[in-house]
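Note that the structure is predicted; figures quoted are calculated from it, not measured.
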Amino acid sequence: QVRLGDSGGGLVQAGGSLRLSCAASGLTFSSYHMGWFRQAPGKEREFVAAISWNGGITDYADSVKGRFTISRDNAESTQYLEMSGLKPADTAVYYCAADQNYSELIGGVGIDYWGKGTLVTVSS
């Protein structure tokens, strides 16, 4: 059974930092591209960042470029999202995602696996 365990969310003041983690099990982690999405209250889920299976390619939403960094450790079957310079607009539930097709992952459609989400709240 595949499980994506996303964690690391919490309450942080504007300008602060958090690191999200997503520990994967039940799949061959290095065969999957990984990503993060988020859903703010009353809004649709949106793409945040993605990383290719070997870490050679990364992509970010314009709204987080220069502030967020995605990474992965295939030996630990874990991906990370380092978030700094957090803004109240970053408040959302953040979801880990895994897909064997990078374009599909970026597009957020037909994702193979999702985590259950971790809440990030940024206070002003």
Is there a donor-acceptor contact under 3.5 Å from the side chain of [X] to the main chain of [Y]?
| X | Y | value |
| --- | --- | --- |
| Arg72 | Trp53 | yes |
| Ser21 | Ser7 | no |
| Thr78 | Glu76 | yes |
| Thr91 | Val122 | yes |
| Arg38 | Ala92 | no |
| Asp6 | Thr118 | no |
| Arg45 | Gly108 | no |

How many angstroms lie between atom [atom1] of [X] and atom [atom2] of [Y], to the nearest 0.5 angstrom?
| X | Y | atom1 | atom2 | result |
| --- | --- | --- | --- | --- |
| Ile106 | Asp59 | CD1 | CG | 4.0 Å |
| Ile111 | Gln100 | CD1 | CD | 12.0 Å |
| Leu18 | Glu82 | CG | CD | 9.5 Å |

Item to check | Residue pair Phe29 / Asp73: nearest heavy atoms and the distance that separates them | outcome: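 Looks like CE2-O, 3.9 Å.
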Next on the checklist: I'd like to know whether Ile70 forms a side chain to side chain contact (heavy atoms under 4.5 Å, CB included) with Trp36, so could you lay out the CA-CA distance, the side-chain angles of the two residues, the decisive distance to 0.1 Å, and finally the verdict.
Outcome noted: CA-CA 8 Å; Ile70 190 170; Trp36 292 95; 3.6 Å; yes
Checklist entry - Are Met34 and Cys96 side-chain neighbours, meaning at least one heavy-atom pair lies under 4.5 Å? => result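 Sidechains of Cys96 and Met34: in contact.
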Checklist entry - Tell me, do Tyr60 and Val48 make a side-chain contact under 4.5 Å, heavy atoms counted? => result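 A side-chain contact under 4.5 Å is absent here.
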Checklist entry - Passes side chain to side chain contact (heavy atoms under 4.5 Å, CB included), Ser71 versus Arg19? Steps please. => result CA-CA 11 Å; Ser71 62; Arg19 187 176 83 156; over 6 Å; no
Checklist entry - Between Tyr95 and Phe37, is the ring centre distance below 6.0 Å? => result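 Centroid distance Tyr95-Phe37: not below 6.0 Å, so no.
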Checklist entry - Should the pair Tyr102 and His33 be assigned to parallel (<30°), tilted (30 to 60°) or perpendicular (>60°) ring geometry? => result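 Tyr102 vs His33 ring planes: perpendicular.
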Next on the checklist: Between the side chains of Lys87 and Asp90, is the shortest nitrogen-to-carboxylate-oxygen separation below 4.0 Å, so that they form an ion pair?
Outcome noted: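 Salt bridge absent between Asp90 and Lys87.
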